[in-house]
Amino acid sequence: MAASSVQILGTGQLLELSRQLRAASGTPIQRNMARRIRRAAEPLHRDLQSTIAGLPIRSSGRKAGGRGGPSPTTRPLRATLAAAIRISVRTSSSPGARVYVDKGLLPADLKFMPEALNNAPGGRHRHPVFNNRRRWANQYVTPLWWDKTVARHTPRMQAEVARVLDDVRRQLG
């Protein structure tokens, strides 16, 4: 699973219900359904943000020789990634909830960082030091942080979306 997106879709059920909502022109019902589906995804959204914000990233330290110095950027990595996690809910075509990393909110050099940290083989993320391709650094992270967080929340979210669908079906009669 990509570290940039997770979707909860009961495609057949949601599509049929979406058609019924449009036919009944049930705007208040549609808004209520969207709000409840969003609420079902919010705990996952918050947990993903707190997981990345607290993700331990360790390095092997500086090598001997007096190299190094302050970072050329003051941008906090984990807070920047956490702020880019978003929720999107649709009730029309392709209805469902989507929790994703909005790459448009990330600086150009961090666009692929969520996937790199999630999919780091053995938890090792190897990268050039400040884009100097002659010097490389290893940093160690908890691998599959996105996937594990999503897996913990999926059963609860699926049950909540099923409950919402049943309620809307009852309202449509």
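As the structure is a prediction and not an experimental result, all values here were calculated from the model. Note that the numbering runs from 1 along the sequence shown for the chain.
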Given side-chain contact (heavy atoms from CB on, under 4.5 Å), test Trp145 with Leu117 step by step and report yes or no. CA-CA 8 Å; Trp145 62 272; Leu117 293 178; 3.7 Å; yes

Nearest 0.5 Å please: distance from the CG atom of Leu165 over to the CZ atom of Arg170. 11.0 Å

Show the nearest heavy-atom pair for residues [X] and [Y], with the distance to one decimal.
X: Glu160; Y: Ala40; answer: CG-CB, 3.4 Å
X: Thr80; Y: Pro76; answer: OG1-O, 2.6 Å
X: Ser88; Y: Tyr100; answer: CB-CE2, 3.8 Å
X: Pro143; Y: Ala120; answer: CB-O, 3.8 Å

For residues 40-59, which residue pairs pass the salt bridge (Lys or Arg N to Asp or Glu O under 4.0 Å) check, not counting sequence neighbours? Asp47-Arg152

Residue pairs passing the salt bridge (Lys or Arg N to Asp or Glu O under 4.0 Å) test where at least one lies in residues 118-134, sequence neighbours excluded: none

Heavy-atom side-chain contact between [X] and [Y] under 4.5 Å:
X: Pro56; Y: Thr142; value: yes
X: Glu115; Y: Trp146; value: no
X: Asp167; Y: Arg36; value: yes

Are [X] and [Y] in one and the same hydrophobic cluster, where Ile, Leu, Val, Met, Phe, Trp and Tyr link if side-chain heavy atoms are under 4.5 Å apart?
X: Val99; Y: Leu144; answer: no
X: Val89; Y: Leu44; answer: yes
X: Ile57; Y: Phe112; answer: no
X: Ile87; Y: Leu81; answer: yes

Any sub-3.5 Å donor-acceptor pair from Arg156's side-chain atoms to Pro43's backbone N or O? no

Between the main-chain N or O of Leu106 and the side-chain N or O of Lys111, is there a donor-acceptor pair closer than 3.5 Å? yes

Under the side-chain hydrogen bond (donor to acceptor under 3.5 Å, both in side chains) rule, collect the residues that match up with Asn32, sequence neighbours excluded. Arg35

Between Ile52 and Leu55, does a side-chain contact (heavy atoms from CB on, under 4.5 Å) hold up when you go through it step by step? CA-CA 5 Å; Ile52 188 64; Leu55 190 68; 3.8 Å; yes

Suppose we screen for side-chain contact (heavy atoms from CB on, under 4.5 Å). Which residues come up paired with Gln49, at least two apart in sequence or across chains? His45, Ala82, Ile85

Set of side-chain contact (heavy atoms from CB on, under 4.5 Å) partners for Leu105, sequence neighbours left out: Ala84, Arg86, Asp102

Taking ring pair (Phe, Tyr, Trp, His ring centres under 6.0 Å) as the definition, give me every residue that meets it alongside His125, ordered by chain and number, with sequence neighbours left out. His127

